[in-house]
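Below you'll find the structure, written out as structure tokens, and then a few comments.
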Amino acid sequence: MGCYQAAFFKLSFSLVLLLIVGVGLGGVASAELSASFYDKNCPNALSTIKSAVDSAVYKEARMGASLLRLHFHDCFVNGCDASLLLDDTATFKGEKTSVANVNSLRGFEVIDNIKAELESLCPNMVSCADILAVAARDSIVALGGPTYTVALGRRDSTAANLTATDDLPSPFANVTKLIAAFSKKGFTVKETVALSGAHTIGQARCAVFRGRLYNDTHINASFAASVRAKCPGNRGSGDNNLSQLDVTSPTTFDNAYFKNAVSQKGLLHSDQQLYSGEFTKTAVDAYANNAASFMEDFAKAMNKMGRLSPLTGSSGQIRTNCRKVN
């Protein structure tokens, strides 16, 4: 075999090997994450997280949505690396004060408690990024949603990116911008609609949906009237008043979110926009009519989201306190 043939063979073999291993989103080999990552070194990690999440959601059902949202807002900014959890310091600016996160994200104390318990069980072993991923899955299950296997082995970032929080989908976005925001992270239109179904649980502030109530035309009149009672039209008045994202079954993870969109009862402008696009409308109708299909697709999309550019191997660190770098 000549030298050129040998070189070509080696290159071809390398390419085939990459295809076999599989390269995930963000250029990270998906094989680097494993569901059994803690089986030997911290066998009670998952049961510890689940117990804490179940307890928190039992005390306040809304916490399930809050924990799910933490994972989403973490992964969409530089990947699933727990950068979201870092507090500001005199010399460091985190992501919590961004427009998309300030006065909005909650549940940090639940993550703190889980981390403290895991540090006592298995010091310097379980990452904050993995805690967020597992807590999101367990929150979904606690509220009646689908379960799925969480690949583990993420490590924690030593930095945050306030500017990159602009990547988070806006509640004021039209369907084109929504699709673009998710597409930037590697999601299809159908996956975009499925992940949006997370709004079948949780609440939103009046400041976020006031414009929809008073300016949108594609809105159910009786629905608008009932929510306006909690959200005055004057900007600055009642901004922090809350309303359920899903008026039908707000504390149950189901497909009512899509049925609401069909009936023009989506709370956020972006929610209702999903029923205006040709391709998104088809997916909304499908999920509204088939809960099992939504649950299956949502679980797959969550699994995919949890693999967004994780830090693995020797990258990053395992924080001992999720709020600060070691």
Side-chain angles (χ1 to χ4, degrees), residues 61-66 68-69 72 100 104 139-140 143-146 168-179 181-182 189-235 237-295 297-298 301:
R62 182 190 175 197
M63 186 55 68
S66 299
L68 169 56
R69 195 157 182 255
F72 178 85
S104 176
S139 293
I140 294 165
L143 294 174
L168 289 163
S170 168
F172 311 110
N174 61 29
V175 67
T176 302
K177 290 182 178 179
L178 275 178
I179 292 173
F182 280 87
V189 171
K190 189 175 183 181
E191 289 168 337
T192 297
V193 177
L195 286 173
S196 297
H199 283 178
T200 189
I201 54 175
Q203 301 178 14
R205 297 166 57 241
C206 167
V208 176
F209 57 81
R210 176 182 286 117
R212 165 145 171 77
L213 293 180
Y214 294 93
N215 299 323
D216 282 9
T217 55
H218 299 292
I219 188 168
N220 180 280
S222 60
F223 165 73
S226 65
V227 182
R228 282 172 184 164
K230 308 174 186 177
C231 185
N234 298 327
R235 185 176 180 180
S237 177
D239 280 1
N240 293 322
N241 293 349
L242 298 172
S243 185
Q244 307 286 0
L245 286 165
D246 172 5
V247 295
T248 307
S249 50
T251 59
T252 301
F253 197 98
D254 55 21
N255 67 333
Y257 166 83
F258 300 105
K259 295 179 180 180
N260 291 337
V262 173
S263 302
Q264 297 188 343
K265 296 179 181 179
L267 181 67
L268 305 181
H269 178 74
S270 57
D271 289 336
Q272 194 58 50
Q273 276 288 296
L274 290 178
Y275 205 58
S276 67
E278 178 183 356
F279 299 108
T280 55
K281 182 178 183 296
T282 298
V284 170
D285 279 329
Y287 291 147
N289 292 317
N290 191 330
S293 176
F294 162 56
M295 297 288 189
D297 289 349
F298 180 81

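- A 4.5 Å side-chain heavy-atom check between Leu168 and Phe72 finds at least one atom pair inside the cut-off.
- Contact of the Ser270 side chain with the Phe172 side chain is not registered, since no non-hydrogen atoms from C-beta on lie closer than 4.5 Å.
- Closest non-hydrogen pair, Ala256 versus Ser249, comes out as CB-OG, 3.5 Å.
- Residues Arg69 and Ser104 have side chains that bring a donor and an acceptor to within less than 3.5 angstrom of each other.
- Residues Phe209 and Cys231 meet the side-chain proximity criterion, which asks for heavy atoms closer than 4.5 Å.
- Of the inter-residue distances, the one linking Ser276 atom OG with His218 atom NE2 reads 7.5 Å to the nearest 0.5 angstrom.
- Atoms NZ and CG, from Lys190 and Leu195 in turn, are 12.5 Å apart once rounded to the nearest 0.5 Å.
- Between Leu245 and Thr200 there is no side-chain heavy-atom pair separated by less than 4.5 Å.
- The nearest pair of heavy atoms linking Tyr214 to Gly233 is OH-N, 3.2 Å.
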(request) For the pair Thr252 and Leu143, evaluate side-chain contact (heavy atoms from CB on, under 4.5 Å) and give the outcome as yes or no after the intermediate values. (result) CA-CA 5 Å; Thr252 301; Leu143 294 174; over 6 Å; no

(message) Could you walk me through whether Thr280 and Tyr275 satisfy the side-chain contact (heavy atoms from CB on, under 4.5 Å) test, starting with their C-alpha distance in whole Å, then the side-chain angles of each, then the deciding distance to 0.1 Å, before giving a yes or no?
(response) CA-CA 6 Å; Thr280 55; Tyr275 205 58; over 6 Å; no

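- Between the Arg62 side chain and the Gln203 main chain, no donor and acceptor come within less than 3.5 Å of each other.
- With sequence neighbours excluded, the residues that form a ring-ring contact (aromatic ring centres under 6.0 Å, His included) with Phe298 are Phe253, Phe294.
- When the shell of 6.0 Å around CZ of Phe223 is examined, it contains more than 12 heavy atoms from other residues, nucleotides or ligands.
- Taken to the nearest 0.5 Å, the OG1 atom of Thr282 stands 6.5 Å off from the CD atom of Glu278.
- Between Leu268 and His199, the closest side-chain pair of non-hydrogen atoms falls below 4.5 Å.
- To the nearest 0.5 Å, the span separating CD1 on Ile201 from OG on Ser139 amounts to 7.5 Å.
- Between the side chain of Arg205 and the main chain of Gly238, no donor-acceptor pair closer than 3.5 Å is present.
- Residue Asn215 holds its CG atom at 10.0 Å from NE2 of His269, rounded to the nearest 0.5 Å.
- At a threshold of 4.5 Å between non-hydrogen side-chain atoms, the residues Gln272 and Ile219 do not count as touching.
- Between the side chains of Asn220 and Ser222, at least one donor-acceptor pair of N or O atoms lies under 3.5 Å.
- Listed for the Asn289 side chain is a donor-acceptor partner under 3.5 Å among the backbone atoms of Asp285.
- Using a 4.5 Å heavy-atom cutoff, the side chains of Val189 and Phe182 are not in contact.
- A salt bridge links Asp239 with Arg210: at least one charged nitrogen is closer than 4.0 Å to a carboxylate oxygen.
- When every heavy atom of Asn260 is checked against every heavy atom of Val247, the shortest pair comes out as ND2-N, 3.9 Å.
- Closest non-hydrogen pair, Lys230 versus Ser243, comes out as NZ-OG, 4.1 Å.
- Contact detail for Pro169 and Ala181: the closest heavy-atom pair is CG-CB, 4.1 Å.
- Once rounded to the nearest 0.5 Å, the distance linking CD1 of Ile179 with CG of Leu274 reads 8.0 Å.
- When all heavy atoms are compared, the tightest approach of Cys206 to Ser237 is SG-O, 4.4 Å.
- Panel note: side chain Gln273, backbone Asn174; no donor-acceptor pair is recorded below 3.5 Å.
- For the pair Asp246/Phe258, no side-chain contact is recorded, criterion being any heavy-atom separation below 4.5 Å from C-beta on.
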